[in-house]
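Model, not experiment: these values are computed from the prediction. Residue numbers begin at 1 in each chain, while the letters A, B, ... track the order of the sequences.
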There are 2 protein chains.
Amino acid sequence: MLFSHACQYAMQAVLYLARQQSDSYVSIKEIAEKNNISFHFLVKILQKLTQQGILISYKGPKGGVSLAKPADQITPLEIVDAIDGLSFCNMCILGMPGCDEHHPCDLHHKWSRIREEIYEMLSEKSIAELID
Amino acid sequence: MLFSHACQYAMQAVLYLARQQSDSYVSIKEIAEKNNISFHFLVKILQKLTQQGILISYKGPKGGVSLAKPADQITPLEIVDAIDGLSFCNMCILGMPGCDEHHPCDLHHKWSRIREEIYEMLSEKSIAELID
DNA sequence: ATTATTTAAGACAAAAGACTCTTAAATCTA
DNA sequence: TAGATTTAAGAGTCTTTTGTCTTAAATAAT
């Protein structure tokens, strides 16, 4: 699996938020229920996104979370970075310790190209473009 | 991370075996030391490959493991299948429950193409071709 | 036969990932 | 002000992955 469950949930939540019409806060409970995600687990994940400046949160009744910036200025890459980190960008697919451009493993070049495509998939389109 | 550590170790071990000139058995201890893999852990992993018919093993002094068939008849895909399984081939990258060709998630099509390239990377070249 | 070497098998432990629960703090409504 | 709602924070649990250890079985060499 490329991304952790936490990371997948984070992306689902942000896509859900971006699909909401109004700019008001959406409760994490609603996001969890509509996306079949464990509520308490999602709370922790979205806290990270809030700390990273991707979401803003508000306590109390009518509180919840919302996107910290317009959906056309957020990419999935930011979310992956916030939750899983971007280490997949420079990790050898065979886990070879010294593998790099100068000492490539047997799958290095092929994997490099695929890795770039994954990076592209995560960065070429904003959340706003993805939900169209 | 796309593949588990166990799966990465398995591929490293098979590539190491394929690089050996002679057809005699190579001890798991040697494979572990030369590839910086925990010996006991590697034993368990290679046992699986033996059970799957990818390796053959022999006990006692001068024993060890060797490829069960010529290296040009083994692909990395078989090894991944034996250790991690091939579920990545039909898993939604966002973990969306109902995601498929008819109900695609927002990254589905892009990910489908990348997934096919990963499949190709693992199946187009045999272990023998990879070590050239 | 005895001993050393090597895989087989399974129990065990440590770490990480995936949740769960409780208490506190903020804020709205009445 | 009191009560209800919602996020914040952190401890706790369960499962999977990773790694270790021990004992048994096979086999070669002496």
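Counting non-hydrogen atoms under 4.0 angstrom, A:Q51 reaches the backbone sugars and phosphates but no base.
A:K44 meets the side-chain hydrogen bond (donor to acceptor under 3.5 Å, both in side chains) test with no other residue; sequence neighbours excluded. Take B:A10 and apply the side-chain contact (heavy atoms from CB on, under 4.5 Å) test, not counting sequence neighbours, and it matches B:I45, B:L49, B:I79, B:I83. In this structure B:I56 satisfies the side-chain contact (heavy atoms from CB on, under 4.5 Å) test together with B:Y25, B:S66, B:A68, sequence neighbours excluded. Under the ring pair (Phe, Tyr, Trp, His ring centres under 6.0 Å) criterion, A:F39 pairs with no residue, sequence neighbours left out. With sequence neighbours excluded, no residue satisfies side-chain hydrogen bond (donor to acceptor under 3.5 Å, both in side chains) with A:S57. Partners of A:F41 according to the ring pair (Phe, Tyr, Trp, His ring centres under 6.0 Å) rule, which considers only residues two or more places apart in sequence or in another chain, are A:Y9. Partners of A:A128 under the side-chain contact (heavy atoms from CB on, under 4.5 Å) rule, at least two apart in sequence or in another chain, are A:A71, A:D72, A:S126.
For the helix from C:dA1-D:dT30 to C:dA30-D:dT1, the angle separating the two terminal helix axes comes to 0°, with each axis derived from five pairs and the value rounded to 10°.
Around CG of A:D23, the count of heavy atoms belonging to other residues, nucleotides or ligands within 6.0 Å does not exceed 12. In the displayed structure, B:K69 atom NZ is contacted under 6.0 Å by more than 12 heavy atoms of other residues, nucleotides or ligands.
Chain B approaches DNA chain D over the interval D:dT18 to D:dA28, counting the first and last nucleotide 5' to 3' with an atom under 4.0 Å from its heavy atoms.
If you measure from atom CZ of A:F3 to atom C1' of C:dA18, you get 18 Å, rounded to the nearest angstrom. For A:K29 and C:dC21, the NZ to P distance is 13 Å, given to the nearest whole Å.
Every pair passing salt bridge (charged side-chain N to carboxylate O under 4.0 Å, His left out) that includes a residue from residues 94-109 of chain B is listed here, sequence neighbours excluded: A:R19-B:D106.
Counting only distance, with no hydrogens or angles, the side chain of B:W111 and the backbone of B:C105 share no donor-acceptor pair below 3.5 Å.
A:V80 places a side-chain heavy atom less than 4.5 Å from the side chain of A:M11.
For the segment residues 31-49 of chain B, residues with any heavy atom less than 4.0 angstrom from an atom of DNA chain D are, sorted by number, B:S38, B:H40, B:F41, B:K44.
Within the 4.0 Å cut-off from OP1 or OP2 of C:dC19, at least one side-chain nitrogen or oxygen of A:H5 is found.
Atom CD of B:E30 is separated from atom CG of B:L17 by 9.0 Å, given to the nearest 0.5 angstrom.
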N/O to N/O distances under 3.5 Å, protein versus nucleotides 28-30 of chain C:
residue: C:dC28; atom: OP1; partner: A:Y58; partner atom: OH; Å: 2.6

